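The structure under discussion appears below in the form of structure tokens.
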Amino acid sequence: AVAFSPDGTRMATTSSDNSIKLWDAITGQNYLTLTGHENTVNDVLFTQDGSQVISAGQDGQIIVWNADTGDRSITRTGENGAVNAIALSPDGTKLATANEDASMRVWDTDSWASLYLAFGHNEEVTDVAFNHQGTQLASSGLGGRIIISNPRTGSPLNSIEPSLNERGEVLSINAIDFSPDDTRIA
């Protein structure tokens, strides 16, 4: 995974060596390597102010790092298996996780308490995305289903059932996002 800081001056990358590397996006210089995950790091993002980096991994951990010093401020482990993807709400108050155990969890980013754990997928959840107003949370999975939820409660608002290929096999969905005007999901 790759993420840019909000101001575009820094970049974070993940790799299979269990680390996150922070780069100066102007010079291309690696200025910090973050280590602490016990397995592959699957996703990374910067907070809205760029002061923190949040990572998620195969080890089921979510780690919050200081983007300048590399210090770990928060570590959360609450999943039965890998955390495949993470998404931050537009106001930065919630972090959603897509989990290998077919669940989606939402965390409060002030207290880092779990707000809820939602099940609705029948297989691994591959991605999560908030719409631009933060009023909807979409999740996708290997079972081909898309679920749109209320991000405050986890209650399903809508779902799109799996598509089948010409052999009748379910097409898994590996990534999801909202269009800029929030009228479509891709």
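In this text the structure is predicted, and so the values were computed from the model without any measurement.
With hydrogens and angles disregarded, a donor-acceptor distance shorter than 3.5 Å links the side chain of Gln48 to the backbone of Ser89. In this structure, Asn165 contributes its side chain and Glu169 its backbone to a donor-acceptor pair below 3.5 Å. Judged purely by atom type and a 3.5 angstrom limit, Asp127 has no side-chain atom pairing as donor or acceptor with the backbone of Ala175. Counting only distance, with no hydrogens or angles, the side chain of Asp91 and the backbone of Thr93 share a donor-acceptor pair below 3.5 Å. Although no hydrogens or angles enter the test, the distance criterion places a donor-acceptor pair under 3.5 Å between the side chain of Thr153 and the main chain of Ser155. In this structure, the side chain of Ser159 does not engage the main chain of Ile147 through any donor-acceptor pair within 3.5 Å. The backbone N or O of Leu32 sits less than 3.5 Å from a side-chain atom of Asn30, completing a donor-acceptor pair.
You'll find the side chain of Trp107 reaches within 4.5 Å of the side chain of Arg76, heavy atoms only. When side chains are defined from C-beta on, Leu142 counts as touching Asn174, because their heavy atoms get closer than 4.5 Å. With a 4.5 Å cut-off on side-chain heavy atoms, Thr183 and Phe178 do not count as touching. The shortest side-chain heavy-atom distance between Leu164 and Leu171 does not fall under the 4.5 Å cut-off. Between Ile74 and Ile63 there is no side-chain heavy-atom pair separated by less than 4.5 Å. Inter-residue side-chain proximity for Thr14 and Asn42 is flagged as unmet; no heavy-atom pair is nearer than 4.5 Å. Looking at heavy atoms from C-beta onward, Lys94 lies in side-chain contact with Phe130 at the 4.5 angstrom threshold. In this structure the side chain of Leu137 reaches within 4.5 angstrom of the side chain of Val106, judged on heavy atoms.
Cluster annotation: Trp23 is not connected to Ile26 through the hydrophobic network of ILVMFWY side chains, with a link wherever side-chain heavy atoms come within less than 4.5 Å. With hydrophobic clusters built from ILVMFWY side chains whose heavy atoms lie under 4.5 angstrom apart, Tyr31 shares a cluster with Val41. The cluster map of Ile, Leu, Val, Met, Phe, Trp and Tyr, joined by side-chain heavy atoms under 4.5 Å apart, puts Met104 and Leu157 in different clusters. Linking Ile, Leu, Val, Met, Phe, Trp and Tyr residues whenever their side-chain heavy atoms come within less than 4.5 Å leaves Leu45 and Leu22 in two separate clusters. In this structure, Leu88 is a member of the same hydrophobic cluster as Ile86, with clusters built from ILVMFWY side-chain heavy atoms closer than 4.5 Å.
One distance of note links CD of Gln58 with CD of Glu100; it measures 6.0 Å at 0.5 Å rounding. Between atom OG of residue Ser179 and atom CD1 of residue Ile185 there is a gap of 8.5 Å, rounded to the nearest 0.5 Å. Taken to the nearest 0.5 Å, the CD1 atom of Ile176 stands 5.0 Å off from the OG atom of Ser140. Taken from CD1 in Ile20 to CD1 in Ile54, the straight-line distance is 11.5 Å, to the nearest 0.5 Å. Atoms CG and NE2, on Asp182 and His132 in that order, are 5.5 Å from each other to the nearest 0.5 Å. Distance check: Ser15 OG to Lys21 NZ gives 6.0 Å after rounding to the nearest 0.5 Å.
Under a cut-off of 6.0 angstrom, the local environment of CZ in Arg152 is sparse, with at most 12 non-hydrogen atoms contributed by other residues, nucleotides or ligands.
Remark: Arg10 engages Asp68 in a salt bridge, criterion side-chain N to carboxylate O under 4.0 Å.
Closest approach of Ala118 and Gly154 over heavy atoms only: CB-O, 4.4 Å. The nearest pair of heavy atoms linking Ser5 to Asp7 is OG-OD1, 2.7 Å. Residue Ala56 comes nearest to Val83 through the heavy atom pair CB-CG1, 3.4 Å, listed as atom of the first residue, atom of the second, then distance. The two residues Pro162 and Gly143 come nearest to each other via the heavy atoms CG-O, 3.2 Å. Heavy-atom minimum distance, Leu95 versus Trp112: CD2-CZ3, 3.8 Å. When all heavy atoms of Pro151 and Gly134 are compared, the pair lying nearest together is CG-O, 3.1 Å.
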Stepwise side-chain hydrogen bond (donor to acceptor under 3.5 Å, both in side chains) test for Trp65 and Ser55: CA-CA 8 Å; Trp65 312 83; Ser55 61; 2.9 Å; yes

Residue pair Glu124, Asn84: steps toward the side-chain hydrogen bond (donor to acceptor under 3.5 Å, both in side chains) verdict: CA-CA 9 Å; Glu124 190 169 333; Asn84 294 322; 3.0 Å; yes

Trace of the side-chain contact (heavy atoms from CB on, under 4.5 Å) decision for Gln52 with Ser73: CA-CA 9 Å; Gln52 295 178 313; Ser73 59; 3.7 Å; yes

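Residue Arg145 is tested with His121, Glu161, Glu123 for a side-chain hydrogen bond (donor to acceptor under 3.5 Å, both in side chains); the sole match is Glu161. Of the residues Val125, Asn99, Thr97, the one that meets the side-chain contact (heavy atoms from CB on, under 4.5 Å) test with Ser139 is Val125.
Looking at His37 and Asn18, their side chains never bring a donor and an acceptor atom within 3.5 Å of each other. A donor-acceptor pair shorter than 3.5 Å cannot be found between the side chains of Ser19 and Thr35. Side chains of Gln136 and Asn150: no donor on one and acceptor on the other come within 3.5 Å.
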